[in-house]
Structure formats: C-alpha cells, structure tokens
Amino acid sequence: MKFSQYKMDIEHLVNQLKQKDITAFEKLYEHYSVNICGAIYSIVRNSKLAQELTNDVFVKIWENAESYDVSKGRFFTWILKIARNTAIDVVRSKAFKQESVTQSFDDYSSHQLGEKGIQDIADTREIKAFLPLGNLKHIEIIDLIYFKGYTQKQVADELAIPLSTVKSRSRNCLSELRSMREFQEWI
C-alpha cells in the first residue's frame with residue numbers, strides 16, 4: 001500500500017472515530033496498540049502495567065477523539081503523546097515508586113519488546129533518520145527524555161553531564177528537527 005493511500009485510510013478511520021464509530025476505534029486499536037504498548041513499556045518497564053496503561057490510553061483516545069486536530073500533526077504523534085504523558089504520570093506517582101522497589105528483575109527480561117527504547121518503537125524509529133547524523137549525544141538525550149520518560153535532571157545524572165548541557169542539547173536537537181522541512185511533513 002502506498003503511503004498516500006495509507007494516510008487517507010488512517011484519516012478516514014480517525015474521522016469515523018470522532019463520530020464514535022466503534023469499528024473505526026477497533027481498527028485503530030489493532031493498528032496502533034502494539035506500538036503504544038512498546039512506547040509505554042519503554043517508560044514503565046513493566047509488561048502488565050504497560051498493557052493496562054495501553055488500554056487506559058485508548059479509553060482516553062475514545063473519550064477525546066474530537067480534540068485531535070490534523071493540522072497540528074499526525075494521529076500517531078497525538079496518541080503517542082497521550083501514551084507518554086500517561087506513562088510518565090504513573091512513573092512519577094508514589095505508588096509506582098514503592099512498587100518498583102519490590103518488583104522482580106524477571107519482568108524486565110521477559111518482555112517481548114525488549115529494552116532498546118527508540119529502536120523498538122516501530123513508527124518512532126523514523127525519527128532517528130531526522131536526527132543530525134553522527135550526533136549520538138543528541139539521539140541519546142532525546143531517547144531518554146521522550147521515549148523513556150526521564151526528566152532532564154535524571155538524564156544529567158544518568159549521563160554524568162551538567163543539567164545545562166542536557167537542556168541545551170535537547171533544545172538544539174528539537175530546534176533542528178522543527179526547522180527540517182522533511183520532518184515537518186513527516187509529523
């Protein structure tokens with residue numbers, strides 16, 4: 001299927017979803033749920049919780065479908081943002097932090113999607129093509145912040161670099177992405 005046909009099919013399903021068409025919702029769930037679950041897992045690192053949150057995200061999508069605006073970006077980008085925010089809210093909660101202390105290592109190794117972050121999320125892999133070639137520092141920071149849910153302070157601690165460096169590198173990378181015509185067409 002050509003990209004233009006695929007894009008029209010998704011737009012049609014999204015328009016039906018906005019009219020509360022359950023069949024369109026089911027098709028969109030079938031199409032995106034694995035990618036959304038992978039994105040959530042890369043943040044929460046718990047298979048069962050990632051699956052539960054994926055369902056929560058799709059409930060939010062159903063309830064807020066009319067708020068999606070095609071002029072602001074792709075549908076996948078919109079639902080990925082909902083998923084990311086949902087997962088980060090859970091990770092920052094006290095209950096999650098307490099549960100994480102007692103969680104076994106088995107869950108990490110048994111998850112089918114792996115732990116590579118940006119490489120494992122099918123639709124978001126394309127973002128890597130837009131990042132400045134050879135600038136792995138930018139890629140690593142963007143991966144940690146936007147796909148693994150780290151705060152900028154956590155990235156600074158993880159990479160043992162100053163917080164100001166994290167902020168400037170992420171800002172510079174995002175500015176470069178926004179200025180790229182191909183990236184704007186992609187989103």
Side-chain angles (χ1 to χ4, degrees), residues 10 28-61 64 68 73-132 135-161 163 165-167 169-174 176-178 183 186-187:
I10 294 298
L28 289 167
Y29 180 87
E30 184 179 308
H31 184 73
Y32 290 116
S33 62
V34 171
N35 291 337
I36 295 302
C37 189
I40 292 170
Y41 176 79
S42 71
I43 296 170
V44 300
R45 300 288 189 210
N46 179 309
S47 301
K48 186 176 180 182
L49 180 59
Q51 291 168 359
E52 290 173 14
L53 292 177
T54 298
N55 291 334
D56 293 347
V57 165
F58 277 90
V59 169
K60 289 177 183 180
I61 291 166
N64 299 300
Y68 168 67
R74 288 179 35 190
F75 182 71
F76 180 77
T77 306
W78 182 71
I79 63 174
L80 185 61
K81 183 177 179 182
I82 293 170
R84 181 182 169 276
N85 290 343
T86 300
I88 289 172
D89 288 347
V90 169
V91 167
R92 291 181 180 164
S93 73
K94 284 184 180 181
F96 180 84
K97 289 176 183 174
Q98 289 172 343
E99 185 178 315
S100 294
V101 172
T102 59
Q103 185 179 13
S104 72
F105 186 75
D106 294 339
D107 188 54
Y108 293 109
S109 60
S110 67
H111 196 276
Q112 64 188 11
L113 295 174
E115 297 186 19
K116 291 183 183 176
I118 197 169
Q119 288 90 16
D120 287 338
I121 305 168
D123 205 27
T124 56
R125 265 187 294 199
E126 298 170 30
I127 265 188
K128 200 170 181 185
F130 295 105
L131 294 174
N135 200 338
L136 296 176
K137 293 175 183 177
H138 282 150
I139 294 170
E140 187 174 31
I141 289 173
I142 296 302
D143 183 39
L144 290 172
I145 292 173
Y146 292 96
F147 298 102
K148 293 185 179 172
Y150 283 44
T151 64
Q152 290 180 334
K153 174 75 171 117
Q154 290 170 326
V155 171
D157 293 343
E158 176 79 17
L159 301 178
I161 58 176
L163 179 59
T165 302
V166 171
K167 289 180 178 186
R169 286 181 184 168
S170 62
R171 183 178 53 249
N172 291 342
C173 186
L174 291 174
E176 288 176 39
L177 284 173
R178 286 186 188 113
F183 183 73
W186 180 79
I187 59 171

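Just the heavy atoms: all of them, side chains too, but no hydrogens, waters or symmetry mates, feed the values below. Only a predicted model underlies this, so the values are computations on that prediction, with no experimental measurement involved.
At a threshold of 4.5 Å between non-hydrogen side-chain atoms, the residues N172 and R169 do not count as touching. Between I43 and V90 there is no side-chain heavy-atom pair separated by less than 4.5 Å. Using a 4.5 Å heavy-atom threshold, the side chains of K81 and N85 count as touching. With a 4.5 Å cut-off on side-chain heavy atoms, Y29 and N55 count as touching. Contact of the T151 side chain with the R92 side chain is registered, since non-hydrogen atoms from C-beta on lie closer than 4.5 Å. Residues Q51 and I40 form no side-chain contact, since every pair of their non-hydrogen atoms from C-beta on lies 4.5 Å or further apart.
Nearest heavy atoms, A87 versus L53: CA-CD1, 4.2 Å. A pairwise comparison of heavy atoms in S170 and I141 identifies CB-CG2, 3.9 Å as the closest pair. Residue T165 comes nearest to I161 through the heavy atom pair CG2-CD1, 4.2 Å, listed as atom of the first residue, atom of the second, then distance. Between F58 and L28, the shortest heavy-atom distance links the atoms CE2-O, 4.1 Å. Residue Y68 comes nearest to R74 through the heavy atom pair OH-C, 3.4 Å, listed as atom of the first residue, atom of the second, then distance. Across all non-hydrogen atoms, the minimal contact from V166 to Q152 is CG1-O, 3.9 Å.
For D157, the salt bridge (Lys or Arg N to Asp or Glu O under 4.0 Å) partners are K153, not counting sequence neighbours. Applying the side chain to side chain contact (heavy atoms under 4.5 Å, CB included) test to I79 and every residue at least two apart in sequence or in another chain returns Y32, I36, I61, F75, F76. Listed by chain and number, the residues in a side chain to side chain contact (heavy atoms under 4.5 Å, CB included) with K60 are N64, I82, T86 (sequence neighbours excluded).
In terms of modelled atom types and a separation under 3.5 Å, the side chain of T54 and the main chain of A50 share a donor-acceptor contact.
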